[in-house]
Amino acid sequence: MIELGGAKPAAPDGDLIKESSEASFMQDVIDASQEVPVIVDFWAPWCGPCKQLGPALEAAVTAARGAVRMVKVNVDENQMIAQQLRIQSIPTVYAFWQGQPVDGFQGALPASQLKDFIDRVVKAAGGDASGGLDEAVEAAEAMLAEGAAADAAQTFAAILGEDERNAAAYSGLVRAHIAMGDLDQAEAILNGAPAEISKSHELEAAAAQLALARQAEGAGPVAELRGKVEADPNDHQARYDLAQALYAQGDADGAVDELLELFRRDREWNGGAAKQQLFTIFDALKPNDPVVLNGRRKLSSMIFA
């Protein structure tokens with residue numbers, strides 16, 4: 001059984017974000033950072049970029065599920081703190097751990113960089129910015145790899161119950177249903193993904209796997225198709241079908257080889273179907289899979305030859 005949530009160190013849920021002042025800065029930041037990292041946002045009401053950064057930073061801190069706290073300091077009202085920390089422009093963000101600044105940045109950052117910043121800070125303090133969900137995702141992935149698709153699906157669903165925008169868990173739930181042969185449910189889950197993660201690489205990989213699984217439903221016998229290709233190497237449809245059948249049997253390497261050969265013989269056949277199918281397979285596999293690395297290298301050499 002996988003236990004979700006609750007990484008240490010962690011802040012109480014109701015005390016994640018607060019305003020601070022010169023009178024309380026020592027308690028709110030220096031003392032509090034002895035237990036959990038504290039991110040300090042130096043801002044002012046007249047600062048345009050501050051209005052953009054503040055809400056995004058609060059959302060990122062909240063998503064860290066108690067692994068960090070956030071303190072907001074209005075520099076107009078707390079000039080002494082700003083002078084002591086040599087704040088020369090705003091927004092400026094510092095991260096404190098055990099009383100010392102350990103990281104920081106100036107200006108507004110996109111959400112992805114804010115997440116990376118918080119991840120660095122939490123890891124520096126020995127914590128887990130996912131609140132234990134990353135570990136649960138890894139455990140569910142292991143179940144899926146071992147063939148326990150139903151157990152993996154339950155764990156992925158439990159993770160989504162705590163974080164509905166967890167792209168890795170959403171992808172895993174789709175792939176678990178593909179593994180169980182329930183393609184309609186996998187498609188329904190994929191179509192129901194929140195807009196914020198619908199274009200993530202995890203969901204795109206799951207979509208590619210679903211497309212290949214749909215194709216596999218109509219894949220013909222490998223031996224018969226291979227015979228057709230051997231009898232007529234220029235039977236492009238037979239070679240394309242053979243690639244689908246090979247992938248359906250778990251031979252991604254063989255499928256890629258046949259598609260590369262089809263591309264070599266006629267790259268424009270059926271609107272460039274061989275290249276498109278290769279990219280679908282590459283998207284479905286992990287980026288560092290040898291099949292992907294070798295396939296991309298060979299395809300590139302053909303394109304630029």
Side-chain angles (χ1 to χ4, degrees), residues 3-138 162-163 165-166:
E3 185 174 338
L4 304 180
K8 297 294 183 179
D13 290 345
D15 199 28
L16 291 180
I17 301 169
K18 63 165 57 177
E19 298 277 355
S20 190
S21 65
E22 292 171 357
S24 61
F25 187 84
M26 182 65 67
Q27 177 182 350
D28 294 339
V29 178
I30 305 303
D31 293 345
S33 71
Q34 301 296 328
E35 300 177 359
V36 64
V38 177
I39 293 174
V40 185
D41 176 21
F42 295 93
W43 69 287
W46 48 264
C47 167
C50 296
K51 296 176 183 178
Q52 175 186 350
L53 175 66
L57 188 57
E58 290 183 24
V61 168
T62 301
R65 305 174 61 80
V68 292
R69 289 175 178 156
M70 177 178 171
V71 168
K72 303 171 67 174
V73 176
N74 184 333
V75 296
D76 286 350
E77 298 176 354
N78 301 279
Q79 296 182 13
M80 185 178 298
I81 296 177
Q83 291 173 1
Q84 290 176 341
L85 293 175
R86 299 179 181 178
I87 305 299
Q88 298 180 350
S89 65
I90 54 174
T92 289
V93 174
Y94 281 149
F96 287 79
W97 169 238
Q98 295 186 335
Q100 299 295 323
V102 294
D103 206 338
F105 63 87
Q106 291 182 335
L109 297 180
S112 60
Q113 293 185 34
L114 290 178
K115 181 180 184 304
D116 291 342
F117 170 72
I118 289 176
D119 286 346
R120 289 199 310 271
V121 171
V122 174
K123 288 179 181 178
D128 177 4
S130 76
L133 297 186
D134 286 350
E135 183 179 346
V137 168
E138 291 180 6
E162 297 204 16
D163 179 9
R165 293 176 175 83
N166 191 306

Residue pair [X] / [Y], side-chain heavy-atom distance below 4.5 Å:
| X | Y | result |
| --- | --- | --- |
| Leu85 | Phe25 | yes |
| Asp28 | Val38 | no |
| Trp46 | Asp76 | yes |
| Gln84 | Glu22 | no |
| Trp97 | Pro37 | yes |

Looking only at heavy atoms, what is the nearest atom pair of [X] and [Y], with distance?
| X | Y | answer |
| --- | --- | --- |
| Gly99 | Ser33 | N-OG, 2.7 Å |
| Pro55 | Cys50 | CD-O, 4.3 Å |
| Lys51 | Pro45 | CE-O, 3.1 Å |
| Gly66 | Leu16 | CA-CD2, 3.6 Å |
| Gly54 | Met70 | O-CE, 4.2 Å |
| Ser21 | Asn78 | CA-OD1, 3.1 Å |

Donor-acceptor check, side chain of Thr92 to backbone of Gln106, threshold 3.5 angstrom: yes or no? no
Can any side-chain N or O of Glu58 pair as donor or acceptor with the backbone N or O of Ile17 at less than 3.5 Å? no
Working to the nearest 0.5 Å, report the span between [atom1] of [X] and [atom2] of [Y].
| X | Y | atom1 | atom2 | value |
| --- | --- | --- | --- | --- |
| Arg69 | Phe96 | CZ | CZ | 14.5 Å |
| Ile87 | Gln79 | CD1 | CD | 13.0 Å |
| Gln83 | Gln88 | CD | CD | 11.5 Å |
| Leu57 | Phe117 | CG | CZ | 7.5 Å |
| Ser20 | Glu77 | OG | CD | 11.5 Å |

So for atom CD, which belongs to Gln52, do other residues, nucleotides or ligands contribute more than 12 heavy atoms lying within a distance under 6.0 Å? no
Is it true that atom NZ of Lys72 has more than 12 heavy atoms of other residues, nucleotides or ligands lying nearer than 6.0 Å? yes
With Phe42, which of Val93, Val71, Ile81 fulfils side-chain contact (heavy atoms from CB on, under 4.5 Å)? Ile81
Have a look at Ile90 and tell me which of Leu53, Val73, Asn74, Val75 forms a side-chain contact (heavy atoms from CB on, under 4.5 Å) with it. Val75
For the pair Asp116 and Arg120, find out whether any cationic side-chain nitrogen is under 4.0 Å from an anionic carboxylate oxygen. no
